[in-house]
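Notes for the one structure printed next.
Any value given below was found using the heavy atoms of this structure, including those in side chains, with hydrogens, waters and symmetry copies removed. Since we're looking at a predicted model, the values are computed, not measured.
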Amino acid sequence: MDSPHGAAVKAEGFGLKGPRGWVFRGVDLDAAPGALIALEGPSGSGRTCLLLALTGRMKPTEGHAEIGRHRLPKKMAAVRRISALGPVPGVNDLDQALTVAEQLREGALLQRRYDGPVRALLRPRGERRGTAEARIAAALAAVGLDPATLPKGPRTSVRDLERLESVRLSLAVALLGNPRLLAVDDLDLKLSDAERAEAWALLRSLADRGTTVLAVCSEAPEGVTVLRTVAAGEPATTGAPTAPARPAVARDAGPKITWGRPAAPASPADADAATGPAPDNDTDGKTDGKTDGKTDGKTDGNTGGNTDGKPDGEKPTTAPTAKTTEPTTNTTDEDPKGADDALAETGRA
């Protein structure tokens with residue numbers, strides 16, 4: 001059963017297969033609404049993909065899951081409408097060129113445009129602005145971020161925020177849509193032990209308010225629902241659902257490519273030609289400089305080198321000389337009369 005706000009998360013035989021193998025497989029999970037779920041495992045074990053699949057952002061290959069009575073993978077769009085992503089690197093990063101106030105206003109505008117009802121767009125501008133400001137104030141209070149305490153107040157640039165402050169701002173933007181399921185990736189990345197404890201306390205407070213929270217981490221604290229993923233080649237942890245990562249796949253090297261064409265394998269004749277004796281320097285300088293790698297360096301002075309493909313030591317066959325026809329009178333034996341007439345004409349001349 002769902003609470004008035006949070007969404008229950010259930011999975012059975014949940015798996016995702018990619019082009020290189022299984023990313024995760026055999027995930028079983030049953031979490032009540034308002035639970036704090038930690039997806040624990042080493043980097044590269046499929047934690048982020050599992051997070052995105054449970055929030056309707058990636059389509060699973062096998063098994064099924066239910067998020068707030070919406071069954072995956074059939075109801076992925078419905079799951080996306082009731083869930084929100086906090087900080088997920090490479091998916092919904094904060095805009096480093098904006099200020100804190102601009103980032104919050106942009107989030108409120110996008111939420112009103114795409115997630116809110118259509119009739120909200122027809123309200124007067126002043127009413128819409130007041131509603132957005134109230135949402136922003138509630139979200140900032142929920143994550144414990146006071147823009148007035150920042151170095152430049154609300155005009156502080158996003159790129160100047162500390163890691164924990166950036167996490168709080170991302171969570172505030174995600175909470176603008178009042179989601180039933182909140183997902184956070186790499187929660188303990190670049191955080192000290194004290195900051196990590198503070199971040200988990202923040203997520204626990206959000207779960208106590210009724211929002212179901214999914215958080216990816218390397219090491220989960222006590223008192224949370226833990227779903228462990230394992231890297232390829234490591235044994236699965238007993239007593240907890242596991243999500244094996246994709247196995248390493250060996251790739252064939254394939255043919256070597258040179259200038260867009262596969263290079264042909266070297267033949268024994270090419271190897272002999274490459275390691276043969278150096279060309280004779282006593283040639284008469286009439287050799288042709290353009291060879292195909294199989295010509296002999298010794299030439300006879302009349303041709304451009306040994307280009308007939310025969311081994312060294314054999315003389316190339318001399319091409320027959322073409323006969324040229326001279327413009328003279330035909331004096332063959334087949335026409336004796338014509339020859340006599342030609343002699344007579346010569347005598348008269």
Side-chain angles (χ1 to χ4, degrees), residues 36 38-44 47-52 55 57-58 80 83-116 128-129 131-179 181-207 211 213-221:
L36 176 56
L39 305 181
E40 181 187 77
S43 179
R47 306 174 305 174
T48 302
C49 292
L50 178 58
L51 181 80
L52 296 176
T55 55
R57 270 73 178 180
M58 295 186 74
R80 288 195 297 269
S83 63
L85 296 180
V88 180
V91 178
N92 64 335
D93 300 291
L94 297 175
D95 193 338
Q96 303 296 313
L98 300 180
T99 64
V100 173
E102 291 171 343
Q103 187 76 69
L104 291 169
R105 285 198 300 267
E106 181 188 64
L109 177 63
L110 293 175
Q111 188 277 330
R112 185 177 69 242
R113 174 64 179 83
Y114 296 104
D115 295 336
R128 291 181 310 205
R129 182 179 301 173
T131 302
E133 291 177 355
R135 284 180 176 271
I136 292 174
L140 291 175
V143 300
L145 179 62
D146 186 5
T149 61
L150 299 176
K152 296 182 180 179
R155 301 187 62 181
T156 303
S157 179
V158 172
R159 61 175 173 267
D160 296 333
L161 296 177
E162 300 292 338
R163 166 63 180 168
L164 185 56
E165 294 173 342
S166 178
V167 171
R168 293 182 185 272
L169 179 59
S170 297
L171 292 175
V173 174
L175 292 175
L176 292 175
N178 197 23
L181 175 64
L182 179 63
V184 183
D185 190 22
D186 284 338
L187 179 63
D188 50 6
L189 179 66
K190 297 180 180 180
L191 292 180
S192 62
D193 294 339
E195 292 175 336
R196 189 179 298 112
E198 190 175 352
W200 280 111
L202 170 59
L203 295 186
R204 188 173 285 107
S205 67
L206 295 177
T211 304
V213 180
L214 285 171
V216 170
C217 61
S218 299
E219 184 178 357

Leu214 CG to Leu187 CG distance, which is reported to the nearest 0.5 Å: 12.0 Å

Minimum-distance pair of heavy atoms, taken over all atoms of Glu195 and Lys190: OE1-O, 4.2 Å

Candidate pair Leu85 and Arg57, rule side-chain contact (heavy atoms from CB on, under 4.5 Å), full reasoning: CA-CA 10 Å; Leu85 296 180; Arg57 270 73 178 180; 3.9 Å; yes

salt_bridge(Asp186, Arg47) N-O dist < 4.0 Å: yes

Nearest-0.5 Å distance that lies between atom CD in Glu198 and atom CG in Leu203: 11.5 Å

Gap separating the CG atom of Leu94 from the CD atom of Gln103, nearest 0.5 angstrom: 4.5 Å

side-chain contact (heavy atoms from CB on, under 4.5 Å) between Leu169 and Leu104, worked out: CA-CA 8 Å; Leu169 179 59; Leu104 291 169; 3.8 Å; yes

Residues Val158, Asp95; criterion side-chain contact (heavy atoms from CB on, under 4.5 Å); working and verdict: CA-CA 7 Å; Val158 172; Asp95 193 338; over 6 Å; no

Beyond-backbone contact of Asp185 with Leu52, side-chain heavy atoms, under 4.5 angstrom: no

More than 12 heavy atoms of other groups within 6.0 Å of Arg163 CZ: yes

Residues Leu140, Asp146; criterion side-chain contact (heavy atoms from CB on, under 4.5 Å); working and verdict: CA-CA 7 Å; Leu140 291 175; Asp146 186 5; over 6 Å; no

Heavy-atom pair with the smallest gap, counting every atom of Gly86 and Leu171: CA-CD2, 4.4 Å

